[in-house]
Chemist: 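A single structure is presented below for examination.
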Amino acid sequence: MARLLRRGDRDVAVGEIRAKLALIGFSVECSEPEFFDDRMDQAVRAFQQARGLNVDGIVGPHTLQRIEEARWSLGDRPLSYTPGHLSHGDDVISLQQRLSDMGFDGGKVDGIFGPRTEAALKEFQKSVGVEVDGIAGTETFAALKRLNRTVSGGHAEKLRHAALMDSVRTGVRDKTIVIDPGHRGDDAGVCANGQREVDVVSAIAARLQGRLAAHGATVVLTRPLQNPSAIDDGERAALANDVDADLFISLHCDAATSPNATGIAAFHYGSPNGGWSHIGERAAQRIHTAVLARTHAADCKVHGRSWDILRRTRMAAVRLDVGYLTNESEAAALADLAYVDQLAAGIADGIVKFFEPVA
Ligand SMILES: [Zn+2]
């Protein structure tokens, strides 16, 4: 589906989406199935809210993909690692969560069946004596069902998160940090009050790169700061995974219809329906706190989101929205190099704190 669908649209596709939403418990009564009415708008927003997506009521490729993923419950289909065509879905989230609760470390609970999910599944299969084929099929589902009541969920995962957090706390020196300045040449992001998001985040990234390098970190940028070519969020995440980064930080600006909106928000991977990066959350909190201390900007808090850039990165990943270009005075601040320098210094402080050795 190339087109974005929203309130007021009439389309066969609206009828299809309505039927899919009904299947996953967001049922919307109506007299005209192919009309995107107010109630359908509310249902789409409720779904987006429940999934940690942007709540805009618009059905584009991301929301549609998540609606598709939501129809799978664990046991509906066999699951395995298929390089190049990774299985996505709520059943994968359930499987990952179950394995994790039982102490089989499959990495992030992200609903994507990757090699680490396969390794954890094989460990599980070995431990319960079913064929170690890495395929979650009838036998594995039966084994999971048998164990249903014997497992105290969450404890193993918590312990492992604590261990993981301690394991990165060896100082920022020699860490690999990927800085992702948002947008590119043909997509400048938010443009308001004479500022372009692509330029603002490039200026911050340049200063941040210098500061982190001075601390002895290896810094990788997802795109050149000048004349950036086309690169999407999936490719940016893949690059961070390829260089085996310890931390990923994506920089963006914000926009709002109200010119009064201001402030700085940080995001980490987290979806209300399952999947939460505790290490990402900790990184987001450290960076957010340090940036507010330097800039005295308004506090727009730290939030869990399931955006691709946060979901597909395997390391601690943070997106920082450094301010609203739609606010006149914040846009002016972001054009001021002294302020930009304070922002970069704050981000660097937070990153140093994140990696700071346990006392
Ligand atoms: Zn942006």
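Just follow the structure's listing: the first ligand is 1, and inside any ligand the first atom is 1. Residue indices begin at 1 and follow the sequence shown.
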Chemist: Ignoring water, what protein N, O or S atoms are under 2.8 Å from the Zn ion (ligand 1)?
Modeler: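 Per the 2.8 Å query on the Zn ion (ligand 1), atoms found are His183 NE2, Glu197 OE2, His252 ND1.
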Chemist: Centres of the Phe26 and Phe47 rings: under 6.0 Å?
Modeler: yes
Chemist: Between Arg7 and Asp9, is there a salt bridge with N-O shorter than 4.0 Å?
Modeler: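 Arg7 and Asp9: not salt-bridged.
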Chemist: Checking side chain to side chain donor-acceptor pair (under 3.5 Å) between Ser306 and each of Arg51, Arg311, Arg66, which is the one that passes?
Modeler: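 The side chain to side chain donor-acceptor pair (under 3.5 Å) with Ser306 is passed solely by Arg66 among Arg51, Arg311, Arg66.
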Chemist: Could you tell me which residues satisfy side chain to side chain contact (heavy atoms under 4.5 Å, CB included) with Glu328, sequence neighbours excluded, listed by chain and number?
Modeler: Asn193
Chemist: Would you say the ring centers of Phe267 and Trp307 fall short of 6.0 Å from each other?
Modeler: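 Yes, close enough.
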Chemist: Under a 4.0 Å N-O cut-off, is there an ion pair linking Arg184 with Asp232?
Modeler: no
